[in-house]
Amino acid sequence: MEITFVNPGADYMIQRIMDFQTEAESAFWSEPLYHFYPQLDKTYATSLPFADRKNYIECTMRAAYAELEDTINEKVVLYTRHWNACKSQIMATLSDAFGVDCANLFNDMRCNLSLNPIEPRFLKERCYDTFYLNSERGAIGGGIHEIIHFVWFYVWNRLFGDSYDEYERPSLKWILSEMVVESVMKDERLSSINPYFPRENGGCIYPYFFDMMVDGKPILDTLDAMYRIQSIEDFMRNSYAYCKEHEATIRAHIQKSEG
């Protein structure tokens, strides 16, 4: 298991930023950009047609990149150093959690440092983005979340033989994979190196899962109880069946939370 941290350049960063600035995206995904870059006028930007909005955001973010390029390059070195200090511990924990030898998996992962405060991941490409403002501990904490996804869907795909195209937002398989990260992360070997764990520190999953109630109790509690006593394969089968049974409730809660 290996990650190469890179500065992918302004063009890539702007493309990823604009993925979350379309008319179809909710405020949950689009508004963080304006929080971190007050030089962007949100009212003005959102009043523009998409092509003009893109030009406005691109011009502003290219100027930001010119100022921050050296900082981003320094963070590449910092994140790489901290990953090298933590990777053996991460590999051993995930090997135990998923019943696979992670030392021989995903030796070609890539982490793109980005100006984008939203951090997408791309399973088939084995890459993910991280916000450059993360500390080295924060970058690795967030990275563990993404690595869990890579290993989860590697095992899932071997079990179900379905398509990787089914694993992306907003599919139920994506939703489940986002919820179960917390249970995996509770292993002290991971939680101890993740500054966003536990929930009081911000949490390692989307916050709208914390108060999601299904069958009269928090769904995270139900899933965690299953995870603790079942093999990973049985947990995948049974947790997904549970989510399928309650899909309407799950999606209604997410829709309301995302606004």
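If you read the sequence from its start, that first residue is 1, and numbering goes on from there.
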Practice problem: Quick one: which residue pairs count as a salt bridge (Lys or Arg N to Asp or Glu O under 4.0 Å) with a foot in residues 141-151, not counting sequence neighbours? | Solution: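 Counting only pairs at least two positions apart or across chains, no salt bridge (Lys or Arg N to Asp or Glu O under 4.0 Å) contact touches residues 141-151.
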Sub-3.5 Å donor-acceptor pair from the side chain of [X] to the main-chain atoms of [Y], do we have one?
X      : Y      : value
Asn7   : Val76  : no
Tyr79  : Tyr132 : yes
His246 : Val214 : no
Asn84  : Thr80  : yes
Arg121 : Phe150 : no
Asp224 : Leu220 : no
Arg228 : Ser183 : yes
Lys75  : Asn134 : yes
Thr22  : Met18  : no

Exercise. Applying salt bridge (charged side-chain N to carboxylate O under 4.0 Å, His left out), run through Glu2 and Lys87 and close with a yes or a no.
Key: CA-CA 8 Å; Glu2 192 57 79; Lys87 66 181 177 182; 2.5 Å; yes
Self-check item: Centroid separation Phe122 to Tyr128 less than 6.0 Å
Solution: no
Practice problem: Carefully, step by step, assess Glu58 and Arg62 under the rule salt bridge (charged side-chain N to carboxylate O under 4.0 Å, His left out). | Solution: CA-CA 6 Å; Glu58 179 173 353; Arg62 284 194 185 279; 2.9 Å; yes
Exercise. Show your working on side chain to side chain contact (heavy atoms under 4.5 Å, CB included) between Trp156 and Val151 and close with a plain yes or no.
Key: CA-CA 8 Å; Trp156 179 285; Val151 183; over 6 Å; no
Quiz item: How long is the span from the OH atom in Tyr240 to the OG atom in Ser177, to the nearest 0.5 Å?
Solution: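 OG of Ser177 is found 11.0 Å from OH of Tyr240.
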Quiz item: Are Tyr196 and Leu78 joined in one hydrophobic group, where the rule is that I, L, V, M, F, W and Y side chains link up if heavy atoms are under 4.5 Å apart?
Solution: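 Not linked; separate clusters.
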Practice problem: Answer with yes or no whether the hydrophobic clustering places Met213 together with Ile175; edges join I, L, V, M, F, W, Y residues whose side-chain heavy atoms lie under 4.5 Å apart. | Solution: no
Quiz prompt | Minimal non-hydrogen separation, Arg251 against Ser171, with atom names | solution =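 Minimum heavy-atom contact is NH2-C, 3.6 Å.
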Exercise. Begin with the C-alpha distance, continue with both residues' side-chain angles, and end with the deciding distance and a verdict on side chain to side chain contact (heavy atoms under 4.5 Å, CB included) for Met236 and Trp152.
Key: CA-CA 9 Å; Met236 287 178 170; Trp152 169 272; 3.6 Å; yes
Quiz item: Is there a side-chain hydrogen bond (donor to acceptor under 3.5 Å, both in side chains) between Asn73 and Asp70 once you walk through the steps?
Solution: CA-CA 5 Å; Asn73 289 334; Asp70 288 346; 4.6 Å; no
Exercise. Before giving the answer on side-chain hydrogen bond (donor to acceptor under 3.5 Å, both in side chains), spell out for Asn238 and Tyr227 the whole-Å C-alpha distance, their side-chain angles and the decisive distance to 0.1 Å.
Key: CA-CA 10 Å; Asn238 295 329; Tyr227 176 78; over 6 Å; no
Practice problem: State, without any angle test, whether Glu119 and His145 hold a side-chain donor-acceptor pair at a distance under 3.5 Å. | Solution: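 There is no such pair between these side chains.
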Quiz item: Under the side-chain hydrogen bond (donor to acceptor under 3.5 Å, both in side chains) rule, what pairs show up with a residue in residues 88-98, not counting sequence neighbours?
Solution: Thr93-Arg189, Asp96-Arg189
Practice problem: Could you list all the side-chain hydrogen bond (donor to acceptor under 3.5 Å, both in side chains) pairs where at least one residue sits in residues 23-41, not counting sequence neighbours? | Solution: Gln21-Tyr34, Glu23-Arg53, Glu25-Arg169, Trp29-Glu258, Glu31-Lys42
